[in-house]
Colleague: 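Handing you this structure, nothing more for now.
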2 protein chains.
Amino acid sequence: MENVLNNDERLVKQITPKSKDFARWYIEIIRKAELADYAPIKGMMIIRPYGYAIWENIQRLLDIRIKESGHSNAYFPLFIPESFLQKETEHLEGFSPEVAWVTLGGKEQLEERLAVRPTSEAIIGHMYSKWIKSWRDLPVLINQWANIVRWEKVTRPFLRTTEFLWQEGHTAHETFEEAQKETFMILEMYKEFVENELSIPVIAGKKTDKEKFAGALETYAIEALMSDGKALQMGTSHNLGQHFSKVFNIRFEDRNQNLQYVWQTSWGVSTRLIGALIMSHGDDSGLRFPPRVAPIQVVIIPISGGSTWKEKVLPQAQKIRETLKNKGIRVKIDDREEFTPGWKFSEWEMRGVPLRIEIGPRDIKEQKAVIVRRDIFEKKSVSLDSLADHVVQLLEDIQKSLREQALAFQVENTYEIDNYNDFKSLIESKRGFIKAFWCGRSSCEEKIKEETIATIRAIPVDESRKTSKGKCIYCNGDAKDLVYFARAY
Amino acid sequence: MENVLNNDERLVKQITPKSKDFARWYIEIIRKAELADYAPIKGMMIIRPYGYAIWENIQRLLDIRIKESGHSNAYFPLFIPESFLQKETEHLEGFSPEVAWVTLGGKEQLEERLAVRPTSEAIIGHMYSKWIKSWRDLPVLINQWANIVRWEKVTRPFLRTTEFLWQEGHTAHETFEEAQKETFMILEMYKEFVENELSIPVIAGKKTDKEKFAGALETYAIEALMSDGKALQMGTSHNLGQHFSKVFNIRFEDRNQNLQYVWQTSWGVSTRLIGALIMSHGDDSGLRFPPRVAPIQVVIIPISGGSTWKEKVLPQAQKIRETLKNKGIRVKIDDREEFTPGWKFSEWEMRGVPLRIEIGPRDIKEQKAVIVRRDIFEKKSVSLDSLADHVVQLLEDIQKSLREQALAFQVENTYEIDNYNDFKSLIESKRGFIKAFWCGRSSCEEKIKEETIATIRAIPVDESRKTSKGKCIYCNGDAKDLVYFARAY
């Protein structure tokens, strides 16, 4: 809203260009586009309406998939008693440095302090132990949309904040195989969702023991390459095995009347996805949102024609808006009188609206309008009759085009390297994904991290992993896997 | 899920009848119907999938109205620094006994303790002071869907819990009149929403100074009569005046270049609405949900015909399900083999599903099915061809019928009384709404509360309030208003 008082057509010029300083651009574009603002509490942010609308679109599109695959939503408590977190040692150690603790309720000092949930395995495990009695109760397939608090030292809007929003799925099954099947199904669902709805290509893979979730048997994740060459973990799917069912005593009578511990999974994506959208698709003119999740898909800018503005141009703009709305398109007219068309063009480009429609008196005389694509700035004049069909088609084209651009970037910035010196110089000069052989030992993984800041992002699930030929990039020992390294957020 | 192991056809018999012990029935039906369960943290609950689905329906239907009336959603932080709450004295005094405090982040003792939000006026006021500069920035119309924590002494699922879910609208305007218009518009929106979607008739009115929100200029609310004769506040809409804008310094340059404080409103409804649904519509057979918010609108019970069960009956049930699904109806087949049809009838009646379809081999031969209404247990046989149309019509009828039943109950249990002895004996014997004249003095209001537990629920906005004839029910002085008294949740 601060823009209102600052009538400057070269709006985007007030922002550090992305190509000049990526980190600074990221922070500035978020505030300038009014996606988020800093809160007066360490590491917290406000998600403003323009940013929150993206989250609502993500929620809607992902929630359909979660439900269609058989899950139901529920809601578990924000607070978790400390003794619950303590039951699973790895889990406690993983999260305890990051927990915000409630110690006072009203005036009363609590006997046991309460963790503000850093994740909900413990409280959900406790409830599952009460609800699950028989194999007939399985599988339990529950998801929760909720806020999460982790007391982070270094924060960055959307990517790492003290509080964030997410969904967390928690399932319980009769067998390991079923849990593993669920883990992979979700991993695949996340990949499909992110690639189709957010236009961001990802690598799906397993995490190393060092990088896995505290308390999981195995962690799988989708990883994307941001346009600065750093990797971002965009979603995780954990096979929890029986770690939590054993400590929370979640047992069921199986088909042979024997008591067994259930097999569990958990999985989640968060508001971090908004950070991924910004960093994957943004350019020096600002944001570029894929149409499916864009808060506004089409902005109509009436070109004022002096006296005919309110009588002729505005009604035509409103007519176009109604036609597009009826097609289910999210459309807005920018009819503010205090700004020039040029200023408006610049503002909505900066804010990433996929399509702009310009309409003025001359266009109306010719029964035409101008459509401009945000992704490649292509401009064309289209007859009003066919405008809506054009818009529908162009939105689909942009959705695809952004994904292709991001995929081309990923391919271009993925290197297969078999020499540690090349590895080091490449990670320094270009970043990107480096595919290299690894022996499977944590010691090599740690040394590489120490020396290059790069970590193993994924042991890919969809490529031939076993190889007899490869040698570990660090120790030159026999390789176990061909893995993806990168510097990561 | 515990039901699975407990094959007893007289399921509802395990629950205390509503007519016998309302309070106990309320608790038992919530657990038996798997709407919610107790959490291992004082006063907290888990909203289970069947209960959460109601909240999702409420959210969806209300969110449409919130957006259509021009508001956008956003998300503000869970934590509020203590100094922010301290700025508005009334507000602090109102909420401070109920605040859960975070005092530790990781291992580090916080310099200033953080309130887990009991409501968000303070943090939102702070942000509005940064965002609002000019009259051009107004109105600001923001809503948030969020979790809220209030450290309550006595709790009851859905009605009063330490944590609950709600929406809170927060708006800022140029003038008092605009803020007042917004306050009333929301009050009217809530009334229309609750009456049409939840089938619960309400009284819309102003709160007395004693009952208003801590920090508000005026509080308006919708109040409904539960079927035990106690009133429930179902939603509030506050005109905050300039209380918060003065302490948080939310100023704007007006159309004459003068600095002014904004005028604000806030308003909310919560998961308490689910409690209202249970208490308004339930009967001795269990829950009765209005179709628009029912998690499942139609349950299909295949009547097994021995060998033909899987080959003939189930496919026909699935065909019916697909037809209904295509009409946008939420439908479920109960095809569990371990239960008898009678047990299933009883279970889904108890869980409040508006319509049941029974289909067996004989029905299929006649190309018919039996439909049973949950609200009045009316049963009819309908040809399969016209089944879907019947279902659509019946769901509408039930939606209306539940509202009419609730309205008849409200009318029957609303008494106009002009004698304090009658007042006292009526509130003791029948509860209900008592309309009586009141002088407007807090002293009379307090005395009545002390002596009868009844409070003034509403000074109605839609009835003639001023009267020269009436005398205060308590002090016999000249009356200011004709108001609604009741014992309340």
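Throughout, protein chains are lettered first and strands after them, A, B, ... in sequence-line order, and every chain is numbered starting at 1. Note: hydrogens, waters and symmetry copies are ignored here, and every other heavy atom, side chains too, is used. All figures in this text were calculated on a predicted structure; none of them were measured in a lab.
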Colleague: Taking side chain as everything from C-beta outward and backbone as N, CA, C, O, which of these in A/I41 sits under 4.5 Å from a heavy atom of chain B? Side chain, backbone, both or neither.
Modeller: side chain

Colleague: Can you tell me which portion of A/E56 sits under 4.5 Å from chain B's heavy atoms? Options are side chain, backbone, both or neither.
Modeller: side chain

Colleague: Given A/F79 and A/V102, is the side-chain contact (heavy atoms from CB on, under 4.5 Å) satisfied, shown in steps?
Modeller: CA-CA 8 Å; A/F79 297 151; A/V102 172; 3.7 Å; yes

Colleague: For B/F158 and B/L35: C-alpha separation, side-chain torsions, deciding distance, then whether side-chain contact (heavy atoms from CB on, under 4.5 Å) applies.
Modeller: CA-CA 10 Å; B/F158 294 116; B/L35 294 173; 4.1 Å; yes

Colleague: Using non-hydrogen atoms and a 4.5 Å limit, figure out which bit of A/R150 sits close to chain B: side chain, backbone, both or neither.
Modeller: neither

Colleague: What part of A/I124 gets within 4.5 angstrom of chain B, counting heavy atoms only: side chain, backbone, both, or neither?
Modeller: neither

Colleague: Pick from A/L165, A/D63, A/L114, A/I123: which one has the most heavy-atom pairs with chain B under 4.5 Å?
Modeller: A/L165

Colleague: Does a side-chain N-to-carboxylate-O contact under 4.0 Å join A/E253 and A/K133?
Modeller: no

Colleague: Heavy atoms only, distances under 4.5 angstrom: which of A/K130, A/K107, A/H71, A/M127 has the most pairs with chain B? Name it, please.
Modeller: A/M127

Colleague: Against chain B, work out which of A/S72, A/P40, A/P81, A/P97 has the most heavy-atom pairs shorter than 4.5 Å and name it.
Modeller: A/P40

Colleague: Is the charged tip of B/R336 near the ring of B/W343: under 6.0 Å from the six-membered ring centre and within 45° of its axis?
Modeller: no

Colleague: Please identify, among A/Y75, A/Y52, A/F95, the residue contributing the most non-hydrogen atom pairs under 4.5 Å to chain B.
Modeller: A/Y75

Colleague: Which bit of A/Y38 comes within less than 4.5 Å of chain B, counting heavy atoms only: side chain, backbone, both or neither?
Modeller: backbone

Colleague: Other residues, nucleotides and ligands only: do more than 12 of their heavy atoms fall within 6.0 Å of NZ on A/K67?
Modeller: yes

Colleague: With a 4.5 angstrom heavy-atom cut-off, could you sort out which part of A/N143 is near chain B: side chain, backbone, both or neither?
Modeller: neither

Colleague: Tell me, side chain or backbone of B/E108 under 4.5 Å from chain A's heavy atoms, or both, or neither?
Modeller: side chain

Colleague: If you count heavy atoms of other groups shown closer than 6.0 angstrom to NZ of B/K42, is the number above 12?
Modeller: yes

Colleague: With the side chain counted from C-beta on, respond yes when A/P139 and A/T171 share a heavy-atom pair under 4.5 Å apart, and no when they do not.
Modeller: no

Colleague: Based on non-hydrogen pairs under 4.5 Å, which of B/T103, B/N73, B/D37, B/T161 is most in contact with chain A?
Modeller: B/N73

Colleague: Is A/R351 close enough and on-axis enough to A/Y50, meaning under 6.0 Å and within 45°, for cation-pi?
Modeller: yes

Colleague: Which region of A/P77, side chain (C-beta onward) or backbone (N, CA, C, O), has a non-hydrogen atom less than 4.5 Å from a non-hydrogen atom of chain B, or is it both or neither?
Modeller: both

Colleague: Which atoms of A/Q144 are under 4.5 Å from chain B, going by heavy atoms: the side chain, the backbone, both sets, or neither?
Modeller: neither

Colleague: When you compare the side chain of A/W101 with that of A/V116, does any pair of heavy atoms fall below 4.5 Å?
Modeller: no

Colleague: Do the side chains of B/E174 and B/Q260 get nearer than 4.5 Å, heavy atoms only?
Modeller: no

Colleague: Please look at A/W151 and chain B and tell me whether the side chain, the backbone, both or neither of the residue comes under 4.5 angstrom of a heavy atom of that chain.
Modeller: side chain

